[in-house]
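Since this is a predicted model, take the numbers as computed values, not measurements. For the single chain, residues carry numbers from 1 onward in sequence order. Read the numbers this way: they start at 1 and go in the same order the structure lists the ligands and their atoms.
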Amino acid sequence: MHTFTKNIYERIKKGLKKTHDKITKNIGKILPTSTDWEENLEQIEEALIESDLGVDLSMNVLEKLRSQLNLLKEINNDDVFNKMGNILKKHLLNSSRELKEKDSLVVVIFIGINGTGKTTTLAKTALNLLNSNKKVMLAACDTFRAAAIEQISLWGEKLNVNVIKGNYGSDAASIAFDAIDSAKAKNMDYLLIDTAGRLHNSKELMEELKKIIRICNNKIPVDNLEKLFILDGTTGQNGFHQAKAFSESVGINGIVVTKLDGTAKGGIVIAIEDQLQIPVKYIGVGEEMEDLIPFNPDYFIDAMLK
Ligand SMILES: Nc1nc2c(ncn2[C@@H]2O[C@H](COP(=O)(O)OP(=O)(O)OP(=O)(O)O)[C@@H](O)[C@H]2O)c(=O)[nH]1
Ligand SMILES: [Mg+2]
C-alpha cells in the first residue's frame with residue numbers, strides 16, 4: 001500500500017519545515033571552521049531538545065556524534081547532518097508500519113485525547129484504503145461530543161461509504177458490536193471506528209474504551225484489531241505521556257502523529273518510538289486529505305535535517 005513519490009517527499013518536507021528550520025538554522029549558524037567543537041555540540045544538543053527529542057535521547061545522540069566527529073580532522077555541516085541522521089535512524093524501529101492486512105475483516109480503532117485529529121485521520125485512512133481498492137465501513141462510536149455523529153456521517157457521504165451509528169449518549173460499545181456484524185455481513189476489508197476524545201485518567205471513558213476493545217476481540221481474531229493512538233504533534237512531550245498512559249491501559253499497536261506542520265517539535269516522533277517501542281505508522285502534515293503520509297524513517301530524517 002505504501003508508495004513513495006517525489007510528491008510525498010515534498011509534502012513531508014513542507015510539513016516538517018518548522019522542525020527543520022529550528023534544527024538546521026541553529027547548527028548552520030554555529031558551525032565555524034574552528035576546531036573547538038564543544039560549544040557547537042552544546043548548541044546542537046539544545047536544538048534537538050527544543051525539537052522535543054527529549055533530554056535523554058538528545059544527550060545520547062550527542063555523545064555518539066561527538067565520538068564520531070572526533071575521528072575526523074575537518075568537519076563541515078554535511079558531516080554533522082549525515083552522522084546525526086544515521087544515529088537518529090538507529091533509534092527508530094525496524095518493524096512494519098503498514099496497517100494490518102488480513103483475509104478477514106480488520107478493525108481499526110482510532111483513540112486518543114480530545115481534538116488530536118482522530119476523526120479526520122480516520123477519514124484520510126478511509127480514502128487511502130479506498131484508493132487501494134479495499135472495502136471500507138465506518139462506525140460512529142463517538143456518541144459523546146456534540147456534532148461528532150454528524151461529522152463522521154458527512155465523511156461517509158463524501159467518501160461514499162456506509163456509517164453505522166446510534167444516538168447521542170447511547171452505548172458506544174453496542175454500536176461497535178452492530179458495526180462489526182454489519183461489516184462482516186457485507187464482506188468489508190476494514191471497519192474504521194471513531195471514538196470520543198478522552199483523557200487517560202477519565203475513568204468512565206476509559207472503561208467505555210476497554211469495552212469497545214473487548215467486543216472487537218470477541219468478534220474478530222485479536223490480530224485483526226489495529227489500535228491506533230492519534231497524537232497531536234504540537235503537544236510534544238505532553239502527548240508522549242498520554243501515549244504511554246494509553247499504551248499501559250488499553251495497549252496500542254500503532255501511533256499516528258498529527259499536525260507536524262504546525263510545530264517545530266517534530267523530534268517527538270523519534271522520541272516516542274525510541275521510548276515506547278511502538279511503531280509510528282502515519283504522520284499528519286496538513287489539513288488536506290493527502291496530508292496523512294505513511295511514516296518512512298529515511299524520508300522523515302532527511303526532511304528534518306537536509
Ligand atoms: N494542520 C493540521 N491540522 C490537522 C491535522 N490533522 C488534523 N487536523 C485538524 O485538527 C482538527 C481536529 O480534528 P478532528 O479529527 O476533529 O479531531 P478529533 O481528535 O476527532 O477531535 P474530538 O473528536 O473532538 O476529540 C481539525 O481541524 C483537523 O483538520 C494535521 O496533520 N495538520
Ligand atoms: Mg473526533
Side-chain angles (χ1 to χ4, degrees), residues 8 10-20 52 108-128 138-159 163-166 168-170 172 175-176 179 191-202 204-206 208-209 212 227-236 238-239 242-243 245-246 250 252 254-266 268-269 272 280-296 299-300 303-304:
I8 285 185
E10 291 307 318
R11 275 183 191 269
I12 300 176
K13 258 179 85 169
K14 213 173 103 210
L16 279 178
K17 191 172 182 312
K18 289 187 178 159
T19 303
H20 169 269
D52 247 346
V108 188
I109 174 162
F110 293 76
I111 59 188
I113 69 170
N114 307 72
T116 58
K118 294 177 294 300
T119 308
T120 45
T121 299
L122 177 150
K124 291 169 179 171
T125 305
L127 180 67
N128 284 344
L138 313 182
C141 290
D142 180 356
T143 59
F144 190 74
R145 181 177 59 76
I149 300 174
E150 284 80 0
Q151 186 188 5
I152 191 160
S153 300
L154 205 62
W155 279 119
E157 276 170 40
K158 277 191 197 164
L159 296 165
V163 184
I164 306 299
K165 52 193 158 188
Y168 284 104
S170 66
I175 297 168
L191 172 70
L192 310 184
I193 297 185
D194 189 34
T195 69
R198 68 200 77 214
L199 291 169
H200 75 279
N201 55 10
S202 143
E204 210 172 301
L205 283 171
M206 285 310 278
E208 181 201 68
L209 185 60
I212 298 174
K227 290 175 277 183
L228 278 189
F229 185 80
I230 316 302
L231 185 146
D232 177 341
T234 65
T235 61
N238 241 340
Q242 287 290 335
F246 270 77
V250 296
I252 52 184
I255 295 171
V256 180
V257 183
T258 61
K259 309 190 195 180
L260 284 171
D261 49 309
T263 180
K265 296 172 179 293
I268 191 66
V269 171
I272 225 167
V280 172
K281 296 202 167 182
Y282 292 90
I283 53 173
V285 293
E287 296 207 67
E288 286 174 38
M289 287 302 270
E290 295 78 16
D291 287 329
L292 182 72
I293 295 174
F295 180 63
N296 173 302
Y299 278 36
F300 184 85
M304 200 166 129

Return yes when [X] approaches ligand 1 closer than 4.0 angstrom through a heavy atom, no otherwise.
{"X": "Asn114", "answer": "yes"}
{"X": "Gly115", "answer": "yes"}
{"X": "Gly262", "answer": "no"}

Item to check | N, O or S atom of Thr195 closer to the Mg ion (ligand 2) than 2.8 Å | outcome: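 Thr195 does not place any N, O or S atom closer than 2.8 Å to the Mg ion (ligand 2).
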Short list, please: which atoms of ligand 1 are under 4.0 Å from a heavy atom of [X]?
{"X": "Gly284", "result": "31 (O)"}
{"X": "Thr119", "result": "15 (O), 18 (P), 20 (O)"}
{"X": "Val285", "result": "31 (O)"}
{"X": "Gly197", "result": "25 (O)"}

Residue pair [X] / [Y]: nearest heavy atoms and the distance that separates them:
{"X": "Lys124", "Y": "Met289", "answer": "CG-O, 3.7 Å"}
{"X": "Gly166", "Y": "Ile149", "answer": "O-CD1, 3.6 Å"}
{"X": "Leu228", "Y": "Lys281", "answer": "CD2-CD, 4.2 Å"}
{"X": "Gly239", "Y": "Leu231", "answer": "O-CD1, 3.3 Å"}

For ligand 1, is there an N or O atom under 3.5 Å from any N or O atom of [X]?
{"X": "Thr258", "value": "no"}
{"X": "Ala196", "value": "no"}
{"X": "Thr195", "value": "no"}
{"X": "Thr116", "value": "yes"}
{"X": "Lys118", "value": "yes"}

Checklist entry - Do Leu138 and Ile152 come within less than 4.5 Å of each other through their side chains, counting heavy atoms only? => result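 Yes. Closest side-chain heavy atoms under 4.5 Å.
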Among [options], find the one that has a side chain to side chain contact (heavy atoms under 4.5 Å, CB included) with [X].
{"X": "Ile283", "options": "Thr258, Val256, Leu260", "value": "Leu260"}
{"X": "Phe110", "options": "Thr121, Asp142, Thr120, Thr119", "value": "Thr121"}
{"X": "Asp291", "options": "Lys14, Lys259, Arg11", "value": "Arg11"}

Considering non-hydrogen atoms of the protein only, which is the closest contact for [atom], and what is the distance?
{"atom": "atom 32 (N) of ligand 1", "value": "Asp261 OD1, 2.9 Å"}
{"atom": "atom 17 (O) of ligand 1", "value": "Gly117 N, 3.1 Å"}
{"atom": "atom 26 (C) of ligand 1", "value": "Glu287 OE1, 4.1 Å"}
{"atom": "atom 8 (N) of ligand 1", "value": "Lys259 CE, 3.9 Å"}
{"atom": "atom 7 (C) of ligand 1", "value": "Thr120 OG1, 3.3 Å"}
{"atom": "atom 24 (O) of ligand 1", "value": "Arg145 NE, 2.7 Å"}
{"atom": "atom 16 (O) of ligand 1", "value": "Gln151 NE2, 3.1 Å"}

Next on the checklist: Over 60° means perpendicular and under 30° means parallel, so tell me whether Phe229 and Phe246 are parallel, tilted or perpendicular.
Outcome noted: tilted
Next on the checklist: With a 3.5 Å distance limit and no angle check, can you tell me whether Lys165 reaches the backbone of Ser153 through a side-chain donor-acceptor pair?
Outcome noted: no
Checklist entry - Taking the side chain from Tyr299 and the backbone from Lys13, do they hold a donor-acceptor pair closer than 3.5 Å? => result no
Checklist entry - Taking 4.0 angstrom as the limit, do Lys118 and Asp194 come out as a salt bridge? => result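 No salt bridge links Lys118 with Asp194.
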